Each structure stands twice: as structure tokens, then as C-alpha cells.
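Single-structure report; data block below.
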There are 2 protein chains.
Amino acid sequence: MSDQTVPDTARFAQQLKKGVLEMLVLRLLSEHPSHGYELIQRLRKQSGGLLDLKEGTLYPILYRLEDDGCITSAWKNTEPGKQRPTPRKVYTVTPQGQQMLIRQMETWRAFATCVEEFCKEETP
Amino acid sequence: MSDQTVPDTARFAQQLKKGVLEMLVLRLLSEHPSHGYELIQRLRKQSGGLLDLKEGTLYPILYRLEDDGCITSAWKNTEPGKQRPTPRKVYTVTPQGQQMLIRQMETWRAFATCVEEFCKEETP
DNA sequence: AACATATACTTAGCAAAACTAAATATATAC
DNA sequence: GTATATATTTAGTTTTGCTAAGTATATGTT
């Protein structure tokens, strides 16, 4: 009997995100720059609730991408005509990050197609 | 300057496999039982070389699946009319494993569809 | 006979990434 | 005053794929 605190489908779904979240963050930022908290909301909305990241998941991804030179950050404490309650760190994709995104999307497509091949085969 | 022993595309591709390998192994075994070494070959062949697992990757997956009751194993030292060089451990999917496979394929499909949505959008 | 290769399973230890959980801080609503 | 929404940070855990090495037998090559 397994000490199943987490149902196995949740554990599986968690593993599927490995690597992909980085690609999706890069993808969203390539549409337009955002700060961390906003990215969490955009991910939740555009995924229909399937991707509901906690801060502890998203921010380390951003730090990694910045360390790798894929994005840059800039503090935006104020906005013209409106004082922000809390300081925001706005992230923008670099050309290097754009290249990375393209490579990752190609890699993803090839991988997903491969997996689909396995799944669709029915024993004749 | 990063100590890039592994190119970032390889690192990304490695992460994409997380969880999926377990599903694919279950999928292959649901077609017909196999032993470990044969599974490595079937994965390599059916993926067009994209999935080329080392033993140290595959066998722990099999042990996990067996611990979880998704597959059973049986030693097959001899074959009718032909002596095998080395003993083989043949794995078979259990009804529980079959259920798990179905759930995982559904989860995969939903996730992959979601990711495709992100990738296909072009800035208008 | 010595050696390499293909077969076949096992296992120890490492790296990467998502997770939980908590801490910090400000503005607004009740 | 307390709760809630906003917003960032970080420590520690778990899962999983990876490298690398070890064990063992049969077959082919020199």
C-alpha cells in the first residue's frame, strides 16, 4: 500500500511541465514584457486554469532565464500618473532568448509528434 | 560564461521526457510483454532514434512501475527449443497498469493540446 | 587461447526542475 | 484594525532522467 499523499495523475501532470514552463514563459514574454505576478495570471488564463503556478515555481524560472541571458529585468516602481502599490520587476526577452524560444518550440514539436505516434497506434 | 558541458537544447529535450518515458513503456508493454533490453530497442526503433535510453534510465522505470503494481515480472531463463544466453525478466501490464496508462494518455493529450495553443499564436 | 562484442540486468550518485511553505512589504476594502 | 490583493524572495523536498560502473554469458574474430 503506497502512502499516496498525491494522486498519481497529479504527480504525472507535474512531471510533464518539466522544461515546458520555461518555454511558455519565454513565449508569453515574446508577445509582450510582463512582471512575475502578471505572468502567473496570463499562464492561468491562457491555459484555461490548467497551469496555475505558485510564486515559488515561477520566479526561479525567471532567475534562470535571466542568468542564461534569455531575458532582462528592470524595476518599475512608478507608472506615469499612477503610483504602483508595490515595486515590479518587468522582464523582457533578449535576442538570445528569442533564438532559444525558437529552438525549444522546434524541439517540443518534434518530441510531441513522436509521443503522439506511440499513443495513436492501436493493435490491429 | 557558462560551463556548458551539455548544450541547452539537449538539457531541454531531457526535461521533456520526464514522466513521458513511464507512459511510453507502459504503452509498449500494453501491446505485448517485453524484457528490459528489448524495450530499449523498441523505444529507439519506434521513435526513429529520438529515444535512445541507457539501461540506467530504463530499469529504474520498470522497478517503479512494478512497485506501483502497474506491471509484473517473470524470469524467463529458457525458451522452448533454444537456450537463452542470459536470463531475461519479462514484464507484463496489469489491469491496474492499463488503467494508469489510459489516465496518463488523457492527461498527456490535454497537456500537449494546451501547449500547442501557446505555441501557435502569432502576434497580429 | 585471448579478446572484443552483443546480450541482459543492477545500482550508486548526480543534476535539473517543479513543488511546498514561509517570509517580506504595500495599498485598498470592510 | 483586520483581511485581502498585489508582488518578490528563498530554503528545502521530491521526482526523474542521466552517467558510469559492475556482474555475467554466448558468439565471433584474430
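Predicted model only: the values in this text are computed from it and were never measured. In what follows, chains carry the letters A, B, and so on, assigned in the order in which the sequence lines appear, proteins first and then strands, with residues in each chain numbered from 1.
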Discussion item. Does atom CZ (A/R64) have a neighbourhood of more than 12 heavy atoms from anything else shown, all under 6.0 Å?
Written reply: yes

Starting from [atom2] on [N], measure out to [atom1] on [X] and report it in whole angstrom.
X: B/F111; N: C/dA18; atom1: CZ; atom2: C1'; result: 11 Å
X: B/L58; N: C/dT11; atom1: CG; atom2: P; result: 14 Å
X: A/L21; N: C/dA16; atom1: CG; atom2: P; result: 17 Å
X: B/D68; N: D/dT15; atom1: CG; atom2: P; result: 10 Å
X: A/L65; N: C/dA18; atom1: CG; atom2: C1'; result: 14 Å
X: A/Q15; N: D/dT13; atom1: CD; atom2: C1'; result: 13 Å
X: A/D52; N: C/dA18; atom1: CG; atom2: C1'; result: 14 Å
X: A/E22; N: C/dA16; atom1: CD; atom2: C1'; result: 10 Å

Practice prompt. Taking only the side-chain nitrogens and oxygens of B/R11, find out if one of them lies under 4.0 Å from OP1 or OP2 of C/dA17.
Written response: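 For C/dA17, OP1/OP2 do have a side-chain N/O of B/R11 under 4.0 Å.
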
Worksheet entry | B/K54 side chain near D/dA21 phosphate (N/O to OP1/OP2, under 4.0 Å) |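 Looking at the OP1 and OP2 atoms of D/dA21, neither is under 4.0 Å from any side-chain N or O of B/K54.
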
Worksheet item: With no hydrogens and no angle check, do the side chains of A/Q104 and A/E22 hold a donor and an acceptor under 3.5 Å apart?
Response: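 There is such a pair between these side chains.
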
Worksheet item: Short question: side chain of B/Q14, backbone of A/G19 - any donor-acceptor pair under 3.5 Å?
Response: no

Fill in: Under 3.5 Å: donor-acceptor pair, side chain of B/T94, backbone of B/C70
yes

Item to complete: Determine whether A/L24 and A/Y63 fall in the same hydrophobic cluster, where Ile, Leu, Val, Met, Phe, Trp and Tyr are linked whenever their side-chain heavy atoms lie under 4.5 Å apart.
Response: yes

Worksheet item: Taking the nucleotide of DNA chain D with the closest heavy atom to each, which residue, B/L53 or A/Q41, is nearer the 5' end?
Response: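 Taking each residue's closest nucleotide, the earlier one in sequence belongs to A/Q41.
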
Item to complete: Remember a base hit wins even if backbone is also touched, and classify A/K18 as base, sugar-phosphate or nothing at under 4.0 Å, heavy atoms.
Response: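 Answer is base: heavy atoms of A/K18 come under 4.0 Å of a base.
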
Worksheet item: Is a salt bridge present between A/R42 and A/E31, judged by a nitrogen-to-oxygen distance below 4.0 Å?
Response: yes

Worksheet item: Within a strict 4.5 Å, meaning less than it, do heavy atoms of the B/C119 and A/M23 side chains meet?
Response: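 Contact flag for B/C119/A/M23 side chains = yes.
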
Could you list, one pair per line, each protein nitrogen or oxygen that sits under 3.5 Å from a nitrogen or oxygen of nucleotides 8-12 of chain D, together with the distance?
{"from": "D/dT8", "atom 1": "OP1", "to": "A/K89", "atom 2": "N", "distance (Å)": "2.8"}
{"from": "D/dT8", "atom 1": "OP1", "to": "A/K89", "atom 2": "O", "distance (Å)": "3.4"}
{"from": "D/dT8", "atom 1": "OP2", "to": "A/G36", "atom 2": "N", "distance (Å)": "3.2"}
{"from": "D/dT8", "atom 1": "OP2", "to": "A/Y37", "atom 2": "N", "distance (Å)": "2.7"}
{"from": "D/dT8", "atom 1": "OP2", "to": "A/Y59", "atom 2": "OH", "distance (Å)": "2.4"}
{"from": "D/dT8", "atom 1": "O5'", "to": "A/Y59", "atom 2": "OH", "distance (Å)": "3.2"}
{"from": "D/dT9", "atom 1": "OP1", "to": "A/K89", "atom 2": "NZ", "distance (Å)": "3.0"}
{"from": "D/dT9", "atom 1": "OP2", "to": "A/Y63", "atom 2": "OH", "distance (Å)": "2.3"}
{"from": "D/dT9", "atom 1": "O5'", "to": "A/Y63", "atom 2": "OH", "distance (Å)": "2.9"}

